[in-house]
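This report concerns only the one structure given below.
Throughout, a chain's letter reflects where its sequence line sits, starting with A, and its residues are numbered from 1.
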Amino acid sequence: MDLIRDSLFFVLDTAKDVAPIVIFLFAFQLFVIRERIPNFWQIVVGFVFVTIGLGLFLVGLEKTLFPLGRLMAQQLTNPDFLHEVSGRVGAALLWHDFHWVYLFAAAIGFSTTLAEPALMAVSIKANEVSAGAVGVWGLRVAVALGVGFGVALGCYRIITGLPLEYFIAAGYLVVIVQTTVAPKMIVPLAYDSGGVTTSTVTVPLITALGLGLAEAVPGRSPLLDGFGLVAFASLFPIISVLAYGQFAVLRGKI
Amino acid sequence: MKDSLAALSKDALFSLRDLAPIVVVIAVFQIFVIKQPVDGFLSLVFGGLLVVMGLAFFIFGLRLALFPIGENLAHALARKGSAAWLFTFAFVLGFGTTIAEPALLAVANEAAEVAVGAGVIGNTEADIENYALGLRLVVALSVGVALMLGVLRILTNWSLPVMIIGGYVLVVIITTIAPPDIVGIAYDSGGVTTSTVTVPLVTALGVGLASSLRGRNPMTDGFGLIAFASLTPILFVLLYGIARQWI
């Protein structure tokens with residue numbers, strides 16, 4: 001019963017977020033374009049599906065993945081667990097004592113990105129526009145690999161306390177080099193994929209991981225060092241999607 | 001009707017496949033690493049079903065509504081030939097969808113806590129609310145500007161790599177003079193702005209615009225709007241942090 005009530009609540013909440021966008025789009029169509037909307041009822045039905053879908057998706061995540069993921073992030077960064085794994089405590093902990101954290105970060109970054117609805121939307125569009133040259137599944141796996149690597153590296157940065165901007169600057173150097181050699185058609189899509197990866201599913205989980213880590217490592221403040229994982233998760237997909245384009249050329253697909 | 005049902009059930013099957021990796025990751029870590037029992041197994045299964053159904057509904061609705069309306073508006077605006085309305089549309093879409101974004105709300109509140117901890121603002125409710133609201137306005141403004149820049153690029157055919165890389169070079173430079181407590185938040189704010197409903201609309205806008213302009217290719221020119229929307233929030237938030245020091 002609770003689940004039904006919560007679902008209803010989440011769908012209404014989503015409707016509240018979607019309504020201004022719908023009103024704006026319809027108003028623009030009516031007053032600026034001054035044309036009737038083609039397939040008006042199809043669009044209305046579509047928006048109903050988008051709203052209900054997003055609401056159910058969020059309530060499901062809130063009931064399952066988010067609490068479980070947060071709990072797991074806490075358990076893996078718990079001092080007792082780290083002691084059990086490495087035999088070291090507190091300041092004596094070395095960066096590689098956190099190996100389960102890196103593995104979890106990579107796995108959860110990869111798998112949640114595959115379930116990211118915004119990324120699906122972009123992949124479907126890219127596949128359509130490129131007449132099949134960019135595969136829906138291939139692009140998503142490429143992005144997910146980038147996010148997985150980025151989140152794991154971001155955890156390493158929190159643990160070692162190295163400055164965020166060094167990594168970001170180095171990452172963009174790689175992006176610059178790749179941009180000059182990658183096929184032209186993949187470049188805008190690669191740049192976009194950095195932004196779409198991090199939304200509904202991925203952000204809450206990796207934020208929990210970052211805060212948990214910053215609390216567990218001595219000398220780190222959750223407030224100052226807990227941030228930055230999202231930035232890593234947005235940078236590395238650019239690199240992996242550019243690489244995906246380069247591989248496609250090698251395989252003679254583009 | 002029958003076709004729609006077939007499409008919907010296909011979307012549901014795909015959603016099942018898309019979510020399977022998460023289930024595997026969690027199960028493996030729970031069983032082999034953490035080794036602690038999970039309570040409420042049944043409610044996890046129900047929750048999982050909701051996630052699958054929700055994802056399928058969303059993707060189904062995306063094809064029916066978000067893509068067609070976004071592209072249709074882009075085509076209509078291109079036919080109208082008014083750059084001013086095109087920029088207005090891009091700005092309002094960016095600003096309007098970002099100011100109400102729940103993820104941004106959460107980040108802004110967290111950032112206000114950081115600012116209190118760093119002693120940048122006082123620990124009163126009014127200070128915290130002002131700071132969080134200021135941050136949200138700055139980020140929303142930056143996304144509006146980003147979409148305008150993206151549209152301008154499609155119209156003028158300027159080089160996307162030059163603009164984006166140039167932007168990030170600027171970010172690195174400004175980082176060196178920005179107060180340290182704002183840097184992490186600024187870098188993260190680029191990622192949270194683009195929500196699940198905005199991304200398909202913005203993608204459709206870019207692709208629709210590029211396909212209705214002569215001499216533009218939707219693949220090489222239509223994408224890139226979201227790249228701007230991830231870049232400008234970083235710049236604007238860093239500048240916000242610097243500006244606050246002077247006020």
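In this structure, A:Lys63 fails the cation-pi test against B:Phe46, since its NZ or CZ atom is not both closer than 6.0 Å to the six-membered ring centre and inside 45 degrees of the ring normal.
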Only pairs under 3.5 Å count here: list side-chain donor-acceptor contacts from residues 167-179 of chain A, not counting sequence neighbours, and write none if there are none.
| unit_1 | atom_1 | unit_2 | atom_2 | d |
| --- | --- | --- | --- | --- |
| A:Tyr172 | OH | B:Tyr168 | OH | 3.2 |
| A:Gln178 | NE2 | A:Ile239 | O | 3.2 |
| A:Gln178 | NE2 | A:Gln246 | OE1 | 3.3 |
| A:Thr179 | OG1 | A:Val175 | O | 2.6 |
| A:Thr179 | OG1 | A:Tyr191 | OH | 2.8 |

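With a 4.5 angstrom heavy-atom cutoff, A:Val18 touches chain B only via side-chain atoms. Looking at B:Leu93, the atoms closer than 4.5 Å to chain A (heavy atoms on both sides) sit in the backbone and in the side chain alike. Contacts between A:Ile21 and chain B at a heavy-atom distance below 4.5 Å involve the side chain alone, from C-beta outward. Contacts of A:Pro117 with chain B are made by both backbone and side-chain atoms, with heavy-atom separations under 4.5 Å. For A:Phe26, the part sitting under 4.5 Å from any heavy atom of chain B is the side chain, from C-beta outward, and nothing else. Contacts of A:Gln42 with chain B are made by both backbone and side-chain atoms, with heavy-atom separations under 4.5 Å.
A donor-acceptor distance shorter than 3.5 angstrom exists from the side chain of A:Asp192 to the backbone of B:Ala227, with no hydrogens or angles considered.
Here the shortest heavy-atom pairing between B:Met219 and A:Pro188 reads O-CG, 4.3 Å.
Proximity to chain A at a heavy-atom threshold of 4.5 Å picks out B:Leu50, B:Val51, B:Met53, B:Gly54, B:Leu55, B:Phe57, B:Phe58 from residues 49-58 of chain B, in numerical order. Residues of residues 71-79 of chain B that come closer than 4.5 Å to chain A, counting heavy atoms only, are B:Glu71, B:Asn72, B:Leu73, B:Ala76, B:Leu77, B:Arg79, ordered by residue number.
The salt bridge (Lys or Arg N to Asp or Glu O under 4.0 Å) contacts involving residues 86-98 of chain B comprise nothing, where partners must be two or more places apart or lie in separate chains.
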